[in-house]
Amino acid sequence: MTDLSVRSAGCPSLAAAAVTVLNPNLFWFREMGGERKGAEAGRAKGKGQRKDRSSSGPVGRSRKPQRNEGEATEKKERSEKAPKKAPQSELSDNETGDFVRVLGQVTVKAEPEDDDFVMDKRKKGRKRKREEESAEGPSCSTSKLKKQKKVKEEDDEVERNADQKAEKRRSKEKKPESSKGRKTKEEAEAARMMKIKLKEEEEKQRWRWWEEEKYEDGIKWKTLEHKGPYFPPDYLPLPDNVNFYYNGKAVKLSPAAEEVALFFAQMLDHEYTTKEVFRNNFFKDWRKEMTVEERMLITDLDQCDFGELFRMHKEKVEARRNMSKEEKQLMKEANQKIVEEYGYCTLDHHRERIGNFKIEPPGLFRGRGDHPKQGMLKRRIQPEDVIINCSKDSRIPEPPAGHKWKEVRHDNTVTWLASWTENIQGSFKYVMLNANSKLKGEKDWEKYEVARRLKSCVDPIRAQYQQDLKSKQMGIRQRAVALYFIDKLALRAGNEKEEGETADTVGCCSLRVEHITLHPHLDGDDNVVEFDFLGKDCIRYYNKVPVSKRVFKNVKLFMDNKHEGDDLFDRLNTSMLNKYLTSLMPGLTAKVFRTYNASITLQDQLKKLSNSSDNQAEKLLSYNRANRAVAVLCNHQRAPPKTFDQSMANLQSKIDSRKEQLSLAKAELKQAKKEAKANSDSKLQALVEKKKKVVQRYEEQLLRLEIQATDREENKQIALGTSKLNYLDPRISVAWCRNMEVPLEKIYNKTQRDKFAWAIDMTELDFEF
DNA sequence: CGTCATACTTAGTAACCATGAG
DNA sequence: CTCATGGTTACTAAGTATGACG
């Protein structure tokens, strides 16, 4: 508790941070080690004495991941250059400060009377009264009471929506601007009108599932019909004039071996093919595909010459690029046909788009980071591998001619239409619906509702883990510290992974001692915990966080007598943690904290950063900054765009020339002033004024450019998309847009609007997360 | 409990495409 | 018209979570 209050005190909060983004001097971002690498970053060479499940024993858990050796240098540089002294701490401190503030502000008053909350719950409640009443969280019992309170009229909402839509339509119809064009212009216009019509049509067709009753527990659908997955085309053997050479001699490979050779050849310009592990895995699997004779002959990958195959592939790519418009159009139409046929299913009498209806084609496995299995052959999936799921009375999909399905089942407690087992990790792959479908949308909605429930009971939960830091039981203390990290830093849960099967990455519960460095004092802060590990997708997480003394001591204690490779939390795993969390609030798991903290941060930031008096560009900037604050919190990174340096340089040269202009203008101004002083001619005075204006204008332009540069620089490695799509309650954004009178299209593109249709439709102006 | 199987969300990259400056 | 640039979409890997079972 003490800790919480301390943290809440006087934090400038993320708002400041988001603003700071513009100021290079206050660069506070976590050092980003760059993607997919762990660099020196304390990877254990160690023989783990951690709970090694595999028989592989304590032997070489040589944990040295890293990929992108090629980029590694650059990245290393980046991470080293990153401003170490910047108060990393600010981020975390601020966040928590914010959280606390929000709680103080909202939970207290919100509990009984928050209309919006009631509203939302009510809708849901109405839909599935039964389950809700029995299932919903007793530990947050207040919300239950709330739910039953008053019920607002819904009619006006519907009306409003209708209005809005009409409005939209009208404005769209107006759009086709003044017709000064001739044929082509008119045609274009007609096309545009068509598009609008289509859009309206689509809107009318939209299944407003969120207005319907929910199904009882576990039932995902009543009827489901589809055409089965779409299989990639069969392998087409190489033409005779393209040869593979071994040891300088042309060798005609069997189709199976040839296909795999081509997989490799196609990747020759990719860094993967230079990696030892990749090459070895590939070669091993390739040899399995060879005939006995081939295997006898081909024993050394270095003797293989894929040059002609590679060139052929390049030419094909080139040819595709150079296709004429008509050809391209034809291709597009052919594709469209496939989508029409296989890309949709009928679920409970509604046509729904399937997300991934294509069976993954064979190829070489491209694991991320330092993946032990990279380069292995991902084999071709046959209908005999595929399980079909659909309703009994539907038209069962036909397997491709001459084939059979592995199985056809009718399980309406799951959402997948087809599944198969993949041969690299032995895991399942599923064909499921698109994000704009009912099944996905409902789940998404639910996710945010759970996060909102957490909001109403996060206080006691935080208080409890603060208490638990003092527990006599080691397990409980570990749980408390882990929870503290998950809450404060938005770390992922960290399930354990099978060793040797995947790259060595960790989350909270699977942190090892080498991922943490303790600094009693660092850069003016006390009790600093330094994190350095590879998270999901081998993205580096690097952060220095001042923590309370108690947390610090605990971490120290957990690290006592442990070595590299040992688990920091040896008495804790994700299922224990989640079991505990669920007991505090139904539906609560570790990842809910990420959702909750992300969304609440966005809401807070928007409140702080945006003014309705701003112009649209400014508003959008605020939005993006709020979004960015979340992306930073969640450590969402991307590889810098390939052209990044170039475009940055371009911008810089623009800035430079502007600077020159400015100094020139300044000099002129000075000169003019001098002259004006000597001679008080009114003309000269006016000239001074004019020059002044010019200088001012240049200064403004320069500033803007510099802001743009900084902005871009800071977005270099930050990906905003992931948080927007997965962590931010869309209703926050929708309400913000309406309140700020910013068109929603500025924030969400078409796909996103489709995905969030439910939120766009139901969100009230006064929505509060 | 720990392990395994299963299902579903989250994630970054690469290919593709539209657009606007030169 | 061409090319650079940036947004969008497709793809699939890599996570989280849960429930059955011994």
Could you tell me the separation between the [atom1] atom of [X] and the [atom2] atom of [N], rounded to a whole number of Å?
X	N	atom1	atom2	answer
A/Gln717	B/dT13	CD	C1'	15 Å
A/Leu720	C/dG7	CG	C1'	13 Å
A/Ile354	C/dA10	CD1	P	13 Å
A/Arg638	B/dG12	CZ	C1'	11 Å
A/Leu725	C/dA10	CG	C1'	13 Å
A/Phe428	B/dT9	CZ	P	17 Å
A/Asn573	B/dC4	CG	P	14 Å
A/Lys724	B/dA11	NZ	P	16 Å

Close N/O contacts between protein and nucleotides 15-22 of chain B (under 3.5 Å):
from	atom 1	to	atom 2	distance (Å)
B/dC16	OP1	A/Arg320	NH1	3.0

### Task
Give the ring-plane orientation class for A/Phe231 versus A/Trp405, where under 30° counts as parallel, over 60° as perpendicular and anything between as tilted.
parallel

Under-4.0 Å salt bridge between [X] and [Y]:
X	Y	answer
A/Asp285	A/Arg379	no
A/Arg512	A/Asp570	no
A/Arg731	A/Asp729	yes

Applying salt bridge (Lys or Arg N to Asp or Glu O under 4.0 Å), name anything that partners [X], two or more places apart in sequence or on another chain.
X	answer
A/Glu318	A/Arg321
A/Lys220	none
A/Glu326	none

For [X], report the nucleic acid contact type (base, sugar-phosphate, nothing); a contact means any heavy atom under 4.0 Å.
X	answer
A/Met576	nothing
A/Lys373	nothing
A/Arg594	sugar-phosphate
A/Ser427	nothing

On the nucleotide [N], are OP1 or OP2 found under 4.0 Å from the side-chain N or O atoms that [X] carries?
X	N	answer
A/His636	B/dT10	no
A/Gln425	C/dA14	yes
A/Tyr727	B/dA11	yes
A/Lys440	B/dT9	yes
A/Thr722	B/dG12	yes

### Query
Should A/Arg492 and A/Lys591 count as side-chain neighbours, where that means a heavy-atom distance under 4.5 Å?
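No, their side chains stay 4.5 Å or more apart.
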
### Task
Any chance you could measure A/Gln336, atom CD, to A/Gln329, atom CD, to the nearest 0.5 Å?
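Here the rounded value is 10.0 Å.
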
If you only use heavy atoms from C-beta on, which nucleotide in [options] is closest to the side chain of [X]?
X	options	answer
A/Lys429	C/dT12, B/dC8, B/dT10	C/dT12
A/Phe365	C/dT12, C/dA14, B/dA7	C/dA14
A/Thr415	B/dC8, B/dA11, C/dT8	B/dC8

### Query
Mapping A/Glu422 and A/Asn434 onto DNA chain C by nearest heavy atom, which one lands closer to the 5' end?
A/Asn434

## Note on the structure
With B for base contact, S for sugar-phosphate-only contact and - for none (protein heavy atoms under 4.0 Å), nucleotides 15-22 of chain C reads SBBS----

### Test item: side-chain donor near acceptor, A/Tyr748 and A/Asp754, under 3.5 Å
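No, because no side-chain N or O of A/Tyr748 sits under 3.5 Å from a partner of the opposite role on A/Asp754.
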
### Message
Taking the nucleotide of DNA chain B with the nearest heavy atom to each, does A/Ser419 or A/Lys447 sit closer to the 5' end?
### Response
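Closer to the 5' end of DNA chain B: A/Ser419.
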
### Query
Taking the nucleotide of DNA chain B with the closest heavy atom to each, which residue, A/Gly426 or A/Thr595, is nearer the 5' end?
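With A/Gly426 and A/Thr595 compared, the 5'-side residue is A/Gly426.
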
### Message
According to side-chain hydrogen bond (donor to acceptor under 3.5 Å, both in side chains), who are the partners of A/Arg366, at least two apart in sequence or on a separate chain?
### Response
none

